[in-house]
Amino acid sequence: MPPTPRPLTLIVATTPIPTPITTPTSTTESSSSSSSSSTPIRLGIGHSGTLPWPRIKTDMSFFARVTSRPPVPGTTNAIIMGRKTYDSVPAPLRPLAKRISTIITRDVEGLKPRVAREVEGRKAKLAASASAAASTSGGNGNAAQQQPATDAIVCGGLDEALQELETRYGDEGKLGKVFVIGGAEIYGAVLGAAKGGPGPVRIVMTNVEKKGYAEGDRGEVFECDTFFPVDEELFGEKEGWRRVTPEEVTEWVGEEVTGRWIEEGDVRVQMVGYERQ
Ligand SMILES: NC(=O)c1ccc[n+]([C@@H]2O[C@H](COP(=O)([O-])OP(=O)(O)OC[C@H]3O[C@@H](n4cnc5c(N)ncnc54)[C@H](OP(=O)(O)O)[C@@H]3O)[C@@H](O)[C@H]2O)c1
């Protein structure tokens with residue numbers, strides 16, 4: 001029997017952006033033209049190469065915990081991203097610790113040397129702080145060996161990325177979960193490729209709203225120029241998506257998710273999950 005494919009989990013934070021559209025309609029009775037309008041909700045994810053909202057600690061720490069926590073000791077999770085999302089991570093934090101950053105670009109050979117330098121620099125800093133911590137706490141080397149690795153690979157596309165991860169880490173039993181962390185181009189590639197594909201696609205989504213929006217004033221939105229490729233309505237049954245229960249999200253991410261809104265400053269966030277078989 002072939003092995004069960006590793007589920008791909010998209011992790012994303014989105015904010016609702018009502019986007020009025022007006023479509024011309026003609027009325028046969030009067031043969032005059034009129035127009036009808038509707039306001040679909042698009043899901044904003046980015047603005048000017050970064051996130052649309054100021055730092056939201058609740059979501060950033062959720063993202064860090066979920067993506068770096070391995071399913072079993074001795075394995076490391078992978079985070080697949082587009083080159084622009086990789087570059088949106090502040091330079092001193094690149095590549096993100098305790099994960100295998102898997103960067104997709106059309107310029108693989110051009111990007112590899114820079115990423116290799118950033119991996120070496122980051123590993124050296126992490127090793128220095130780990131040894132400083134071990135010498136003050138008298139920690140042991142075995143525990144350090146069970147820690148997830150910090151690494152990065154550069155690939156020319158999604159299929160190559162998945163194949164490379166299996167070859168380099170999966171075949172040795174060292175690959176944990178595989179997360180797709182954006183941006184819009186890469187989410188689009190995954191959702192397009194996965195339609196009718198071999199395995200389920202999961203989405204762990206943080207809904208982000210300004211409190212004004214939540215209170216009914218839909219003018220209170222963040223400015224966005226980059227959008228998730230599926231809008232709010234498509235999460236209905238017709239595209240095959242199912243909103244999963246908080247218990248299922250809890251099981252996917254390895255920590256309790258209640259689905260309740262959490263307030264932080266001027267915003268509120270809520271973690272939810274969707275699945276398409
Ligand atoms: N809210 C969230 O959860 C979230 C998550 C992630 C990102 N974001 C935001 O989203 C924005 C970035 O998204 P984005 O869509 O502009 O960029 P992106 O998806 O991060 O990266 C796009 C880049 O990926 C590479 N690429 C895309 N398709 C490819 C293909 N088929 N084959 C090979 N390489 C391919 C290209 O890199 P090259 O140009 O190097 O060829 C392309 O320029 C930022 O504002 C970021 O902050 C938000």
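Scope of the values below: all heavy atoms of this structure, side chains included, with no hydrogens, waters or symmetry mates. Counting starts at 1 for both ligands and their atoms, in listed order. Model, not experiment: these values are computed from the prediction.
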Next on the checklist: Return the CD1 to CD1 distance between Ile79 and Ile100, rounded to the nearest 0.5 Å.
Outcome noted: 9.5 Å
Checklist entry - Quick one: does Tyr187 get within less than 4.0 Å of ligand 1, heavy atoms only? => result yes
Checklist entry - atom 31 (N) of ligand 1: which of Arg106, Arg83, Glu185 has the nearest heavy atom? => result Arg106
Checklist outcome for this item: In this structure, atom 32 (N) of ligand 1 is nearest to the protein heavy atom Gly156 O, 3.4 Å
Item to check | Per-atom contacts of ligand 1 with His47, taking only distances under 4.0 Å to non-hydrogen atoms | outcome: 45 (O)
Checklist entry - When you measure from atom 20 (O) of ligand 1 to every protein heavy atom, which one gives the shortest distance, and what is it? => result Thr85 OG1, 2.6 Å
Next on the checklist: Is there a side-chain contact between Cys224 and Thr15 in this structure, where contact means two heavy atoms from C-beta onward sitting under 4.5 Å apart?
Outcome noted: yes
Checklist outcome for this item: Under 4.0 Å from one or more heavy atoms of Gly49, ligand 1 contributes atoms 44 (C), 45 (O), 47 (O)
Checklist outcome for this item: atom 18 (P) of ligand 1 has as its nearest protein heavy atom Gly183 N, 3.5 Å
Checklist entry - Going by an N to O cut-off under 4.0 Å, is there a salt bridge joining Glu263 and Arg268? => result no
Item to check | Atom pair CZ/CZ of Arg114 and Arg83 - distance to nearest 0.5 Å | outcome: 7.5 Å
Next on the checklist: Between Thr67 and Asn77, do the side chains contain a donor N or O and an acceptor N or O under 3.5 Å apart?
Outcome noted: no
Checklist entry - Nearest to atom 25 (C) of ligand 1, what protein heavy atom do you find, and at what distance? => result Ile104 O, 3.3 Å
Checklist entry - Nearest protein heavy atom to atom 1 (N) of ligand 1, by residue and atom, and its distance? => result Ala13 O, 2.7 Å
Checklist entry - Just wondering, do Lys84 and Glu185 contact through their side chains at under 4.5 Å, heavy atoms? => result yes
Checklist entry - So between Ile45, Val12, Ile181, whose heavy atom ends up nearest atom 5 (C) of ligand 1? => result Ile181
Item to check | Contact check, side chains of Val253 and Thr250, non-hydrogen atoms, under 4.5 Å | outcome: no
Checklist entry - Which of these, Leu43, Thr50, Thr226, has its nearest heavy atom closest to atom 45 (O) of ligand 1? => result Thr50
Checklist entry - Are Val208 and Phe222 side-chain neighbours, meaning at least one heavy-atom pair lies under 4.5 Å? => result yes
Item to check | Ligand-residue contact atoms, ligand 1 with Leu51, heavy atoms, under 4.0 Å | outcome: 1 (N), 2 (C), 4 (C), 47 (O), 48 (C)
Checklist entry - Between Met81 and ligand 1, which part of the residue brings a heavy atom under 4.0 Å of the ligand: side chain, backbone, both or neither? => result neither
Checklist entry - Considering only heavy atoms of Ala184, which atoms of ligand 1 have at least one such atom less than 4.0 Å away? => result 13 (O), 14 (P), 15 (O), 19 (O)
Checklist entry - Quick one: are Trp241 and Glu275 in side-chain contact, heavy atoms under 4.5 Å? => result no
Checklist entry - Please state which protein non-hydrogen atom is closest to atom 16 (O) of ligand 1 and give its distance, to 0.1 Å? => result Lys84 CD, 3.7 Å
Checklist entry - Hey, is Lys211 close enough to Glu220 for a salt bridge, meaning N to O under 4.0 Å? => result no
Checklist outcome for this item: When distances are taken from atom 34 (N) of ligand 1, the protein heavy atom at minimum range is Thr105 C, 3.2 Å
